[in-house]
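Numbered from 1 within each chain, the chains take letters A, B, ... in sequence-line order.
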Number of protein chains: 2
Amino acid sequence: MKSKLNKELVIRLLKYRRILTQLKSLGFEKVFSNNLGDAIGVAPALVRKDFSLLVLGGNKRGGYNIDYLSEQLNRILGKSREQKIIIVGMGKIGSAVAQYKGFHQGDFEVAAGFDISPESLLHKIEVPVLPMSQLKDFIQTQQIEVAILAVPEDVATDCHRQLKDAGIRGILNFTPIELKTTENCIIHNINIGVEIENLFFQVVKSSLPFDVEAALPDLSDEDALADAET
Amino acid sequence: MKSKLNKELVIRLLKYRRILTQLKSLGFEKVFSNNLGDAIGVAPALVRKDFSLLVLGGNKRGGYNIDYLSEQLNRILGKSREQKIIIVGMGKIGSAVAQYKGFHQGDFEVAAGFDISPESLLHKIEVPVLPMSQLKDFIQTQQIEVAILAVPEDVATDCHRQLKDAGIRGILNFTPIELKTTENCIIHNINIGVEIENLFFQVVKSSLPFDVEAALPDLSDEDALADAET
DNA sequence: CATTTGTTGTTCTGTTTTTCACAAAAACAT
DNA sequence: ATGTTTTTGTGAAAAACAGAACAACAAATG
């Protein structure tokens, strides 16, 4: 069974929705595939194909209706509003995310943060911070499904287990430990260290006057072979 | 010209390197493809394929030599040591990243943070925080190539322009504004809001007793067609 | 009313990336 | 020595993904 809503597509749809919300608030009523493409950094043809796949039609010369598109994307993606999440580990990253303003028009509410020593966190945080001992109970009574994991590396696997035991269905993992999706719990890893290293590599590679890959094994044999055949 | 070192491959290589460093510090000398695959969450065959592509050989029954692999990965990826980065926007996210401990054995040094009002930042931060007015000069005299952008949404594009004007070659962008890579400046976007929305979608989708995609346009026509042809 | 213009919808094709499957080689055991 | 096990290395198949091209159509124009 091939899945129609592949991973990249879903991300694009979420981005379209955000852009549409912005455009709407600016008073626009319609939008063209190249506007959306520019906004999220993909080719206009891909935008049209995405909507075509979902049978979201536009008008042959008038582009797409923003209200219609928004509604339909909400139908497909779920309104994802009033969803509650918790944050485990209220260190720097955890509390930063707790106060993150970039959520799509307040879709999510951080129901609580958890930490080994909640008392020590005196910097004003708008969400209640509870001790880890209350984690499982809170998750189950509040029916929390999604958690953000932002604890130190050495307790990551232990916290992961606790979250799974408590019945969490999805974890956004900011620790450098690569957790793995299981049947009952979907993991998305964000490894900031790797992201920075990766960016550095790309920059250095693009800055060099020669091709980095020239240092890699020779592919010119293939060409030689091809030449020999002619 | 097809590039051998594609984006996903580079990320895997960076992850291999991290795992190898850990294994080495634990006293291991060799490692098998399935160990590495487990550690970074990919199939063992892919690990072998990666190394095969780079002509990094293992031993038919003894796995791969950790020291050798580390050296070779360092050669290919660059040692990426003593590189300096700056952080623009020392709000919650910015200062969290400034103090991020997950960097690969201290590869990177945060040379400075920049903010509109550096004085107001009284929470103890180990790196110097300078006013935006000094941004361009600092970048040029210190020869900074990579920056992390963590400012509020409404000034993101302006800061982006300032960074490009100052000659920055790579930006890790934490704002919800999707910036685009240009000839001179590589952008990697990390949109935390979208990541959370995406995770929610996947969780809801997996939780439903029926197939979400059933609500989407019918593909059974294809089957009907195929049947009709037989 | 005819013509031009602009934009969508979709097919077809091409590329890149991953998985499968198994031969080959090395280590180990008997 | 001989056989058995384990793990690599890789060619071929499969899947995922994107891009180019262009027909179809609606709107605008004169």
- Message: Looking at A:K49 and D:dG19, is any side-chain donor or acceptor paired with a base atom of the opposite kind under 3.5 Å?
- Response: yes
- For the side chain of B:R61 and the base of D:dT8, is some donor closer than 3.5 Å to an acceptor across the two? no
Distance in angstrom units between [X] [atom1] and [N] [atom2], rounded:
X	N	atom1	atom2	result
B:K30	D:dT6	NZ	P	13 Å
A:F32	D:dA27	CZ	C1'	11 Å
B:E8	C:dT16	CD	P	15 Å
A:L53	C:dG9	CG	P	13 Å
A:K60	C:dG9	NZ	P	6 Å
A:K7	D:dA15	NZ	P	18 Å
A:L46	D:dA21	CG	P	16 Å
B:N35	D:dT7	CG	P	9 Å

- Looking only at heavy atoms, what is the nearest atom pair of B:F201 and A:L77, with distance? CD1-O, 3.4 Å
[X] has a side chain; which of [options] sits nearest to it?
X	options	result
A:R12	D:dA18, C:dA21, C:dG9	D:dA18
A:N6	C:dT19, D:dC17, D:dT10	D:dC17
A:R48	C:dG9, C:dC22, D:dA20	C:dG9

- Examine the side chains of A:N184 and A:R169 and answer whether a donor and an acceptor come within less than 3.5 Å of each other. no
- Query: Counting only side-chain N and O atoms of A:S33, is one of them less than 4.0 Å from OP1 or OP2 of C:dT7?
  - Reply: no
- Query: Hey, does A:G62 reach any base, or is it just sugar-phosphate, or nothing, if we go heavy atoms under 4.0 Å?
  - Reply: nothing
- Message: Taking any heavy-atom pair under 4.0 Å as a contact, classify B:Y64: base, sugar-phosphate, or nothing.
- Response: sugar-phosphate
- Note on the structure: Comparing B:V31 with A:A45, nearest DNA chain D nucleotide closer to 5' gives the residue B:V31
- Message: Strictly distance-based, threshold 3.5 Å: is any side-chain N or O of B:K15 a donor or acceptor partner for the main-chain N or O of A:E178?
- Response: no
- Is B:K84 salt-bridged to B:E145, cutoff N-O under 4.0 Å? no
- Determine, stepwise, if the pair B:Y64 / B:F32 fulfils ring pair (Phe, Tyr, Trp, His ring centres under 6.0 Å). CA-CA 6 Å; B:Y64 298 87; B:F32 302 124; 8.6 Å; no
